[in-house]
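Comments concern the structure below.
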Amino acid sequence: MPRRYRMSQQLVRLNASLSKDNDNESDSDSDSGQDETSVKSNGSEAVRRRALEVVQHSSCPGPITGKLGQELHELDEDEYQIFPSCSVGVPIPVFLPLDGHSPHVEPCVQRPQEYDYWMRLMAMYKIQYNKATKRMKQREKKHQENIYDIRLFDMAEHIAGQENSFFRDSYDYYYTGGNVNTMPFEDSNLAMHVSGKKLNKLHISSINSEPNMWQTVHSEELLETTSELFEIQPMESFGVNHGHMFMGRFLKEISLYELKRQEPREEDEPESPEYQLICQSKFSSEAAPLTSVCQSLGKPNILALASQDRTLRFLDMLTQQDVAKHDVCWVKELKHYTSTWAQLMPADRSTFHFLTQPVLLTVDERCDQSLNPCFASSFRSKTCETFSCLGKGMNPNLLYVASNHKLHCLDLRLLGKNINDRTVVTWTHQMSYPPCFMDTLVHDGSEYIALGGPLPSDLRICELKGSLGQLSDEVFSPALPYAPPSLQEALDDARLKGCIDVYTDLTERVKACTTGLRFSRLESTNDQAFAQLLTANSLGDLYSLRLTPRDDGERIQEIRTGLHTTEAIRYYSSQVQKHVQSRKLHCTEVQSRPQMREIFKAAVNRPEPDVKPMIIEHIDIDWGIEDSEISDDESKSSQEPEISKGKGESKKNKTDKKGKQNPKKNMKKELTSQAKDKPVTFNFKKDKGINRGSWQKSAYQMARYKDMLTVRMLDVWDMEDYDPARDVTREMIEEKLPKELEPENRMASWLDQLSSEPAELRLVVGADEEPERLNPNLVPGTNLPRLYGAMTSEYTEVPIVPAIEDYVDPTNSFKTEQSGSYQMPSILQPGENTIIECGLDINPPPAKRAKTKHTMGF
């Protein structure tokens, strides 16, 4: 898959090549005129190039192409089918590791992400260096003296700090081949698969023909390895005492293992495992990582190793010495490609198929020259096809080669350097990433090819008929590449029906990357399944996809999801809860702090700081007014009509004077009078419950939880006095709060609490007694004691004159205007306080501002 920063460079080169082709065509046709066919071809090529630049390449379908056999099959209208002859079921788990938790750090994605990040920083350093070089003065002279900008050294340091300088791609091609395989052992078949965070824990399980959980025979963690286990291959024994052997490929070493069954021991000896795994030998490569390994067909002691420095080693496992070492860089076509990936597959006694992204070679350990190279279509055209993996079937003359867009079935007997010259049948698989895993199976005259990629949805099954024939014209494919129902589809359908257990986290579990696949034959099954396809993911889960013969009615239309997929999801979730251990909660450390309780209690009991209180003397005054049951609101309402009447009379007088009436004012008066006649309504607040936020919990609710955090919280806050049998209600809170009266009853209750006169300072006065028997030591009308007593006083008698308008008293020295505002002197002594009553308006209304007339223009 091309990257974004590569795509721009490739498009520039493609545009340059197209412009050159157009210039050459215009020069050659200048005399004879432009040909119409060339214009049409250039237009179609431009449209296709534009589509490939914008649209994802995996979304472009393509028909099945091939030789004569495929063409004859397409002309036969009777044999029309869309799906292959076998039906594939939904994946069913047969092994789940104990430590297979999700979500997790995906090991299949780490290297592409690190390389992508490294390339971004590299591009940034390059841009900064170019900008600094342009601003440099006398740069040519400085470059001659080897004086450069400091960012050049940053780039060199960044290049030297790359962990794996050989990896350059958008997917992890080290997993090519897969870490799942089968091996015959005595009378049964065993499956080898891995699990763990680094995929270095090897499991060996006995294969069961029924869709049940498998029994693990032996499990062992492979220590002292450079990386995860990328590939597992069974081996033919090359020694005298060697039994069942297999090899595992890591990043920089190859390990050979032997599986033995332990002999039964005596009863006194301690129990030992039934099987034993022995590492026979180990071959390492310090120069460059290893990408592929295979064993020779005719010589079991010869092992071929392909490394990323483009070297091919032939190793003798008995003597552990190199037989031959070839450098593949002598192929001129490989020098222009940055990818160093390669895959090996045995072809004959001393020959091997050597596959790289641009070319397929046949190499011999006895010579340095390659035999019959076959190049990809992108080598001499503008397509983007690159090879990704190899596969071999029952026919030794056929070889399957998968690329990022297609799957080719090659006939090795045909000659030609182009892939189309040797292709018998070609499928367009429409996978998102290039295929990394391939396996084949023959059943009932058909050969099924399984393709797999890093994504769990990238799984295709192709069918080829006539593969066992001697002629290539008999080979054809009856159906398009088939994508079996995935766990993601079954999970989406089950979620719509509400059949999902949220605690199993299947949403993240089904997204784990695929790390290998392998066919396994079945015999005497209940569901007529003739084989099963084993797939493994990066969590360590192993699934089984059962292959059964397809009915004639299902060759055109099939039911992908339904009750059968829902039951599979239910079974999957139950097995995850049963076999996978629950992950420990990673939270902050919770410790018991009993000292904090004492600190909180001391803070509550701490006395308040001493503040000098403000002395306020409360004085009760007897106004001589009898208490009445009429409230202040009623008295005000009774006084309002009189005031309104007075205002109305004055307005009437004004209207009489003017002789006119304003109808708008009369309407307002009527509306206000109607509003006053309506009964008064009060809006009482609704009784709401206790408002607790999403984070608030009562002590009763907290006591129902049994986790560690809840116990610690109740312990810290000293919640020992609550009743665990009931929850806190609103009535319990209102009992401890002071009761508040309604607004309309507050004034009446306050007046009822006022006493007319203290009992200790007032004599009891009867109904018939005179008021002179009041306490003589108090100021009349108050409860204030008399501090200063007047013994004698001089006074003059003033005669009372009747109120006659024309009479003027000659002794009155005050004017009439002053007599209206005269006040009696206060009888309070200095330092005494009382309520000041005055008939005058203390705060008179402010004077009206005089109106100013403005003349226009000033």
Side-chain angles (χ1 to χ4, degrees), residues 63-74 292 294-299 302 304 312 326 328 331 333 342-381 385-403 406-429 435 438-443 445-451 462-478:
I64 302 175
T65 60
K67 298 293 183 181
L68 181 60
Q70 185 66 31
E71 295 176 357
L72 293 175
H73 173 71
E74 292 177 358
S292 183
C294 67
Q295 188 181 19
S296 178
L297 292 178
K299 301 177 182 179
I302 298 298
L312 184 60
H326 298 331
V328 196
V331 181
E333 289 78 7
Q343 185 181 6
L344 287 170
M345 183 164 288
D348 203 349
R349 182 179 177 86
S350 59
T351 58
F352 297 86
H353 297 296
F354 187 82
L355 182 69
T356 61
Q357 286 189 357
V359 65
L360 171 64
L361 303 174
T362 303
V363 295
D364 196 333
E365 62 174 330
R366 297 167 294 183
C367 63
D368 293 344
Q369 300 296 327
S370 62
L371 305 175
N372 200 8
C374 180
F375 297 96
S377 59
S378 61
F379 186 73
R380 289 188 176 91
S381 65
E385 185 180 20
T386 55
F387 297 142
S388 60
C389 68
L390 275 174
K392 207 167 187 180
M394 292 293 294
N395 194 340
N397 298 323
L398 298 180
L399 183 68
Y400 298 100
V401 180
S403 65
K406 297 180 180 180
L407 172 63
H408 304 278
C409 178
L410 305 182
D411 191 348
L412 300 177
R413 296 169 293 184
L414 300 177
L415 300 177
K417 291 186 177 182
N418 194 2
I419 189 69
N420 296 327
D421 298 335
R422 302 190 191 183
T423 301
V424 179
V425 178
T426 300
W427 297 270
T428 303
H429 52 70
M438 186 188 301
D439 197 13
T440 59
L441 175 72
V442 177
H443 175 75
S446 299
E447 188 168 15
Y448 300 99
I449 306 101
L451 288 176
C462 303
E463 183 182 3
L464 184 70
K465 289 195 173 184
S467 60
L468 300 179
Q470 297 297 327
L471 300 176
S472 59
D473 296 339
E474 301 175 1
V475 179
F476 66 94
S477 177

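Count residues from 1 along the sequence. What's counted below: heavy atoms across the whole structure, side chains too, no hydrogens, waters or symmetry copies.
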Item to complete: Before giving the answer on side chain to side chain contact (heavy atoms under 4.5 Å, CB included), spell out for Leu412 and Thr362 the whole-Å C-alpha distance, their side-chain angles and the decisive distance to 0.1 Å.
Response: CA-CA 10 Å; Leu412 300 177; Thr362 303; over 6 Å; no
Heavy-atom donor-acceptor pair, Ser296 side chain to Arg349 backbone, under 3.5 Å = yes
All heavy atoms of Ser467 vs all of Asn395, minimum pair found to be O-ND2, 2.6 Å
By side chain to side chain donor-acceptor pair (under 3.5 Å), His408 pairs with (sequence neighbours left out) Glu385, Thr426
On a heavy-atom basis, the closest approach of Gly391 and Leu399 is O-CD1, 3.3 Å
In short, Tyr400 meets Glu447 closest at the heavy-atom pair OH-OE1, 3.0 Å
Test side chain to side chain contact (heavy atoms under 4.5 Å, CB included), reference Gln343, set Cys389, Cys294, Ser388, output is Cys389
query: Could you walk me through whether Leu312 and Leu344 pass the side chain to side chain contact (heavy atoms under 4.5 Å, CB included) check?
result: CA-CA 10 Å; Leu312 184 60; Leu344 287 170; 3.5 Å; yes
Residues at least two apart in sequence or cross-chain that pass side chain to side chain contact (heavy atoms under 4.5 Å, CB included) with Asp421, listed by chain then number, are Asn418
Sorted by chain and number, sequence neighbours left out, side chain to side chain donor-acceptor pair (under 3.5 Å) with Asn372 holds for Arg422
Those residues at least two apart in sequence (or on a different chain) that pass salt bridge (Lys or Arg N to Asp or Glu O under 4.0 Å) with Glu365 are Lys299
Between the CG atom in Asp439 and the NZ atom in Lys392, the distance rounded to the nearest 0.5 Å is 14.0 Å
So salt bridge (Lys or Arg N to Asp or Glu O under 4.0 Å) across residues 353-364, not counting sequence neighbours, yields Asp364-Arg366
Residues at least two apart in sequence or cross-chain that pass side chain to side chain contact (heavy atoms under 4.5 Å, CB included) with Val475, listed by chain then number, are Val424, Val425, Leu464
Applying side chain to side chain contact (heavy atoms under 4.5 Å, CB included) to Asp348 and not counting sequence neighbours gives Thr351
**Item:** Any Met438 side-chain heavy atom under 4.5 Å of Leu407 side chain
**Value:** yes
Looking at His429 and Lys406, would you say the former's side chain and the latter's main chain have a donor-acceptor pair under 3.5 Å?
yes
Sequence neighbours excluded, the answer for side chain to side chain donor-acceptor pair (under 3.5 Å) partners of Thr428 is none
Leu68 meets the side chain to side chain contact (heavy atoms under 4.5 Å, CB included) criterion, sequence neighbours left out, with Glu71, Leu72, Asp473
Shortest non-hydrogen pair, His353 vs Ala347, comes out as NE2-CB, 3.3 Å
Closest non-hydrogen atoms of Pro373 and Leu361, given as atom of the first, atom of the second and distance, are CB-CD2, 3.5 Å
#### Entry: Leu451 and Trp427, any side-chain heavy atoms less than 4.5 Å apart
no
> Got Val401 and Thr423 here, is their nearest side-chain heavy-atom distance under 4.5 Å?
Replying inline: no
Taken in chain and number order and not counting sequence neighbours, the residues that satisfy side chain to side chain donor-acceptor pair (under 3.5 Å) with Gln357 are Asp169, Ser339
Has the side chain of Thr440 got a donor or acceptor atom that lies under 3.5 Å from a matching backbone atom of Ile449?
no
Sequence neighbours excluded, the answer for salt bridge (Lys or Arg N to Asp or Glu O under 4.0 Å) partners of Lys465 is none
Under the side chain to side chain contact (heavy atoms under 4.5 Å, CB included) rule, what do Leu468 and Met394 come out as? Steps first, then yes or no, please. CA-CA 7 Å; Leu468 300 179; Met394 292 293 294; 3.7 Å; yes
(message) Is any side-chain heavy atom of Leu355 closer than 4.5 Å to one of Met345?
(response) no
Applying ring-ring contact (aromatic ring centres under 6.0 Å, His included) to Phe352 and not counting sequence neighbours gives Phe314
